[in-house]
Amino acid sequence: MAILVTGGAGFIGSHTCVELLNAGEDIVVMDNFYNSNSRALDGIRKITGKDFKFYEDDMLDIAAVDQIFAENDIEQVIHFAGYKCVPESVQKPLMYYSNNLRGTFNILETMKKYGCTKFVFSSSATVYGIPATVPVKEDFPLSAINPYGSTKLIIENLCREMYAADNTWTMILLRYFNPVGAHESGLIGEDPNGIPNNLMPYLTQVAVGRLPYLNIFGNDYPTPDGTCVRDYIHVVDLAVGHVKALKKLEEKPEVRVYNLGTGHGYSVLDVVHAFEKACGHEVKYQIKPRRAGDIAMCYCDPTKAKEELGWEAQYGIEEMCQDSWRWQSQNPDGYATEEK
Ligand code: UD1
């Protein structure tokens, strides 16, 4: 009996593999290295001292997905694989719909064929669109404001409809807030392709000297210091959330939805200052106009995950910044950094 982890070499996937192996689970990992690196797999093995089966496959290749199920006794699937860059999705909607949806169809169809009905999906706070109030709760209205968000919402709806049609499925939809940080070993972390879009990887690349300064998108929002507020969550906490979700999968067939965040909001300037403390030097920034599509405040109410999964974030903004910095300073060029 094994757990299939799609996208297991990615940022959240690799950290989740570590927690699964540490919890004694048997995993099979699949990844096409589109936005990830085989060195993440070496990192997982080094951290845990455990080995696992790996398939370098694309989820669009249904024959390859089928072969994984034919060769392994897959009982549960954690599905991370997918494109995740919001601005790119706006430029290339067809590419996002095509990859994220067709890939997920292939996974779900193959699960159905092999009688595997336990599925954890990597969703996102993006499904709340522009929330009317904060903190955001799971029963808030859902909407998509970009193609990336549309793919997450369509897959969430598909899960609900599949369960309605066949209530032997157990589907858990995990809505992540803003994942940051890295494993404390500094062996795995976030390594985006090209110039980062998200705040933390941009900040770490400025601090390490790869980028000249951080652009802060707007300081005239209705927030305490004028910069946007978000719910940053340590990636190791998120990873542990998946281990807890797997336990829940065993209870009864159902569709369950959980916010995974800390419930605390930090502004962009709060993050910059916490990061300066962690790295021990000043980080240059410039205030720039607002970025299209940004909302002033977004943080969650994580009570449901605490009550039903027994999960609660353990790490604060200090650890998030320290661990992000350790990863970036030990690996200035991410996974492309030459080994010493
Ligand atoms: C973004 C995505 C969201 C996705 C999440 C995953 C957008 C509009 N939203 O959320 O759908 O689920 O990532 O992690 O892309 N900021 C700067 N300078 C930068 C980068 C960011 O000031 O160089 C600010 C942003 O304006 C925002 C905050 O930092 O206020 C966080 O931005 P980011 O890390 O991109 O995350 P979100 O936009 O919240």
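Values reported hereafter were calculated over all heavy atoms of this structure, with side chains retained and with hydrogens, waters and symmetry mates removed. Small disclaimer: the values here were computed from a predicted structure and weren't measured. Counting starts at 1 for both ligands and their atoms, in listed order.
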Protein residues that have a heavy atom under 4.0 Å from any atom of ligand 1, sorted by chain and number
Val86, Ser124, Thr126, Tyr148, Asn178, Pro179, Asn197, Asn198, Leu199, Tyr202, Leu214, Asn215, Ile216, Phe217, Cys228, Arg230, Tyr232, Val268, Arg291, Asp294

Just by distance, with hydrogens left out, do Gln322 and Glu318 show a side-chain donor and acceptor under 3.5 Å apart?
no

Cation-pi between Lys304 and Tyr258: NZ/CZ under 6.0 Å from ring centre and within 45° of the ring axis?
yes

Start with the C-alpha gap between His264 and Phe177, add the side-chain angles, then the distance that decides, and say whether ring-ring contact (aromatic ring centres under 6.0 Å, His included) holds.
CA-CA 11 Å; His264 301 290; Phe177 279 67; over 10 Å; no

Can you classify the ring geometry of Trp325 versus Phe275 as parallel (below 30°), tilted (30 to 60°) or perpendicular (above 60°)?
perpendicular

Atom pair CD1/CD1 of Ile130 and Ile145 - distance to nearest 0.5 Å:
5.0 Å

Can I get a per-line list of side-chain donor-acceptor pairs under 3.5 Å for residues 187-201, giving both atom names and the distance, sequence neighbours left out?
from: Asp191; atom 1: OD2; to: Tyr335; atom 2: N; distance (Å): 3.0
from: Asn193; atom 1: ND2; to: Tyr34; atom 2: O; distance (Å): 3.4
from: Asn193; atom 1: ND2; to: Asn35; atom 2: OD1; distance (Å): 3.2

